[in-house]
Structure formats: structure tokens, C-alpha cells
Amino acid sequence: MSSWAGPGWDLVFAAAALAVACNYRDVAWRIHGFMANRVGVNRLLTPMMVRVTFGLLATASAVDLSLGLVHP
């Protein structure tokens, strides 16, 4: 059972990051709104930047999952 915990985590994380990247239910806007008025947050933090970042994280997690399943 524990041998499936790593790939399971990668699958869940990739799905959640992909949901943010596709802006499901305006999640990128909610993250932007939460962080926008904090001290030290750069003006480059836009909803598009949040979506791109989570898209890259989803891609990296999916590639890690696929390579982990192919080469155990």
C-alpha cells in the first residue's frame, strides 16, 4: 500500500494544479486576491502568473508520475 502513496500523491497534486491552471471556479483569482495586498508581494503576481506557475507544476508532477511508473 505504501508503494502507491508516492504516485497517488503525484496524481492528486497534478490534478489539483491542473484545475488551478485551467482557472476552475476562479481559483487563480482567489489566490491572487488573497496574496495581492500582502507586504513583500511583487506586482508580477497576477492571475495569469498564478495559472502559468500551477500549469508548470502540474506538468512537472505528471512527468514525474509517468517516469516513476515506467521506471520503478
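Worth knowing before you read on, the calculation uses all heavy atoms, side chains too, and leaves out hydrogens, waters and symmetry mates. Starting from 1, each residue takes its place in the sequence as its number.
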Asker: On a heavy-atom basis, which atom in His32 and which in Leu45 lie closest, and how many Å separate them?
Answerer: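 Taking every non-hydrogen atom into account, ND1-O, 3.0 Å.
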
Asker: Just distance, no hydrogens or angles: give the donor-acceptor pairs under 3.5 Å from side chains in residues 57-72, sequence neighbours left out.
Answerer:
residue: Thr59; atom: OG1; partner: Gly55; partner atom: O; Å: 2.9
residue: Ser61; atom: OG; partner: Asp10; partner atom: O; Å: 3.0
residue: Ser66; atom: OG; partner: Ala62; partner atom: O; Å: 3.3
residue: Ser66; atom: OG; partner: Val63; partner atom: O; Å: 2.9

Asker: Check whether any side-chain heavy atom of Phe54 sits under 4.5 Å from a side-chain heavy atom of Ile31, and report yes or no.
Answerer: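 When only atoms from C-beta onward are counted, Ile31 and Phe54 do touch, with a gap below 4.5 Å.
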
Asker: Is Leu56 reachable from Phe13 through a run of hydrophobic residues whose side-chain heavy atoms are each under 4.5 Å from the next?
Answerer: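 Hydrophobic grouping puts Phe13 apart from Leu56.
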
Asker: So which heavy atom on Arg30 is nearest to which on Arg25, and how close?
Answerer: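 So the two residues come closest at NE-O, 3.3 Å.
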
Asker: Using every non-hydrogen atom in the two residues, find where Arg51 and Ala28 come nearest and quote the distance to one decimal.
Answerer: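 Scanning both residues completely, I find the closest heavy atoms to be CG-CB, 3.4 Å.
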
Asker: Honestly curious: do Val50 and Tyr24 fall in one hydrophobic cluster under the side-chain, below-4.5 Å linking rule?
Answerer: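 Unlinked, Val50 and Tyr24 end up in two clusters.
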
Asker: Around Asn42, counting heavy atoms of other residues, nucleotides and ligands shown, do more than 12 lie under 6.0 Å from its CG?
Answerer: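 Check passes, neighbour count above 12.
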
Asker: Between Trp29 and Asn23, is there a side-chain heavy-atom distance shorter than 4.5 Å?
Answerer: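 They are in contact (side-chain heavy atoms under 4.5 Å apart), so the answer is yes.
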
Asker: Would a single hydrophobic cluster contain both Leu44 and Val41, if residues Ile, Leu, Val, Met, Phe, Trp and Tyr are joined by side-chain heavy-atom contacts under 4.5 Å?
Answerer: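 Different clusters.
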
Asker: Indicate if Val12 and Trp4 have the same hydrophobic cluster label, given that clusters are the connected sets of ILVMFWY residues with side-chain heavy-atom separations under 4.5 angstrom.
Answerer: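 In one cluster: no.
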
